[in-house]
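Single-structure report; data block below.
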Amino acid sequence: MGRGTLQTMQTLKSVGEMRACSETARGAGRIVGLVPTMGFFHEGHLSLMRRARAECGMVAVSLFVNPTQFGPGEDLAAYPRNFERDCALAAAEGVDVMFAPEAAEMYPGNYATYINVEGLTANLCGASRPVHFRGVATVVAKLFHACRPHRAYFGLKDYQQVRVIEAMIRDLNFGIELVRCPIVREPDGVAMSSRNSYLSARERVAAAVLSRSLSAAEEQIRQGERDGAVVAKALREAIEAEPLAQVDYAEVVDAESLMPLGQIDRPALLAAAVRFGRARLIDNRVVDPA
């Protein structure tokens, strides 16, 4: 498809408007693609929009900083925002619709309904951020109902999120295709993230230890190491060698169940979450030992 199936990008604020727009496109036989975001776009977000634009007749981007996925003391108030810039970047990528609801539109008074995806949320980020994935699953389900996409595009930097949403789609019969998209990195290997904006100059240099350590752990497996605990220990120690790094977790888990993998005899996820000053950054590698 060519860029921009509408003359200009629409910005919609209400669920009803967004649903009507999507239903019109579906009725015309167009494939609807959704890119869910919390805004402050970087090249990672834009790569998802380009993929959707190449594959879909209508592209919608949702921009909503979802309060229910932030725990007490997390960075909801400080989360970076620049709505005008985001709209300009999305329009330049040929996005048709920006769905940007207010919190009251998504969570009206006396809101009391949440989605829990069990099992996949017990480890990794789910262990240290106990309400996070309940909020993620709930808001994504609501975005699916509002935007009515055929396909939804998610980046693999948030690998656990991808697995949680895949399970929710299957279990609740959404009938939506989740399209996995590769991590986009800076030249030094740092995974692109809106939270990178929190980093000082020294912290930004230090943050490269995360991707370097994951690459080293991947190479350890490629060279024949199959003990998950040995690889996980080496991964943590490599990250901790950087004085500015504070490790939340560094684990080797089954790429499907996300539970610790003792013997690396099937696809493994090497995953880490590390704090550098105010920024909590995540990154991962998937390794198939076969």
Side-chain angles (χ1 to χ4, degrees), residues 1-26 28 30-67 69 75-76 78-106 136 139-158 161-162 165 176-186 191-198:
M1 292 289 177
R3 290 161 91 85
T5 52
L6 299 178
Q7 287 297 105
T8 57
M9 186 179 74
Q10 296 185 74
T11 300
L12 304 178
K13 297 284 191 179
S14 79
V15 169
E17 288 175 326
M18 182 65 243
R19 185 177 292 139
C21 181
S22 182
E23 292 295 353
T24 297
R26 292 172 71 101
R30 294 155 72 189
I31 298 296
V32 177
L34 171 65
V35 180
T37 83
M38 293 205 302
F40 209 69
F41 296 155
H42 51 67
E43 184 61 27
H45 296 109
L46 302 183
S47 72
L48 304 181
M49 297 176 204
R50 288 183 204 122
R51 176 80 177 268
R53 179 74 280 158
E55 297 177 355
C56 302
M58 188 186 97
V59 177
V61 171
S62 64
L63 196 166
F64 180 62
V65 180
N66 175 38
Q69 69 190 66
D75 59 340
L76 173 61
Y79 195 84
R81 296 163 169 86
N82 192 330
F83 184 70
E84 291 75 17
R85 174 180 171 274
D86 285 347
C87 285
L89 288 170
E93 295 299 338
V95 169
D96 298 307
V97 181
M98 178 72 77
F99 178 48
E102 299 295 333
E105 178 71 9
M106 295 296 282
V136 168
V139 78
V140 172
K142 291 173 72 65
L143 291 170
F144 285 170
H145 286 308
C147 300
R148 298 278 284 120
H150 297 88
R151 298 175 182 147
Y153 294 78
F154 287 85
L156 283 169
K157 179 175 72 71
D158 296 291
Q161 173 179 272
V162 167
I165 301 305
I176 293 168
E177 177 189 357
L178 187 149
V179 181
R180 293 182 171 196
C181 299
I183 299 171
V184 178
R185 298 183 180 277
E186 301 285 0
M192 290 193 176
S193 168
S194 299
R195 289 186 169 98
N196 288 350
S197 64
Y198 296 162

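The structure presented is a predicted model; accordingly, all values stated were derived computationally and were not measured. Throughout, residue positions are numbered sequentially from 1 according to the sequence presented.
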Worksheet item: OG/Ser193 to CG/Asp158 distance, rounded to the nearest 0.5 angstrom?
Response: 8.0 Å
Any donor and acceptor pair, going by atom type alone, linking the side chain of [X] with main-chain N or O of [Y] inside 3.5 Å?
X      : Y      : answer
Glu102 : Lys13  : no
Ser22  : Cys147 : yes
Arg151 : Glu55  : yes
Arg26  : Arg148 : yes

Item to complete: Quick one: which residue pairs count as a salt bridge (Lys or Arg N to Asp or Glu O under 4.0 Å) with a foot in residues 82-91, not counting sequence neighbours?
Response: none
Do [X] and [Y] have side chains that get closer than 4.5 Å, going by heavy atoms?
X      : Y      : value
Met192 : His45  : no
Arg50  : Glu43  : yes
Ile165 : Phe144 : yes
Met106 : Leu143 : yes
Asp75  : Arg195 : yes

Fill in: Set of residues satisfying side chain to side chain contact (heavy atoms under 4.5 Å, CB included) with respect to Arg81, sequence neighbours excluded
Val65, Leu76, Tyr79
Item to complete: List the atom of Pro80, the atom of Ser194, and the distance in Å for their closest heavy-atom pair.
Response: CG-O, 3.7 Å
Fill in: Heavy-atom pair with the smallest gap, counting every atom of Met58 and Asp96
CA-OD2, 3.2 Å
Can I get a per-line list of side-chain donor-acceptor pairs under 3.5 Å for residues 31-40, giving both atom names and the distance, sequence neighbours left out?
unit_1: Thr37; atom_1: OG1; unit_2: Gly39; atom_2: N; d: 3.1
unit_1: Thr37; atom_1: OG1; unit_2: Ser62; atom_2: O; d: 2.8

Worksheet item: Between Leu89 and Val95, is a side chain to side chain contact (heavy atoms under 4.5 Å, CB included) present by the stated rule, with each step listed?
Response: CA-CA 9 Å; Leu89 288 170; Val95 169; over 6 Å; no
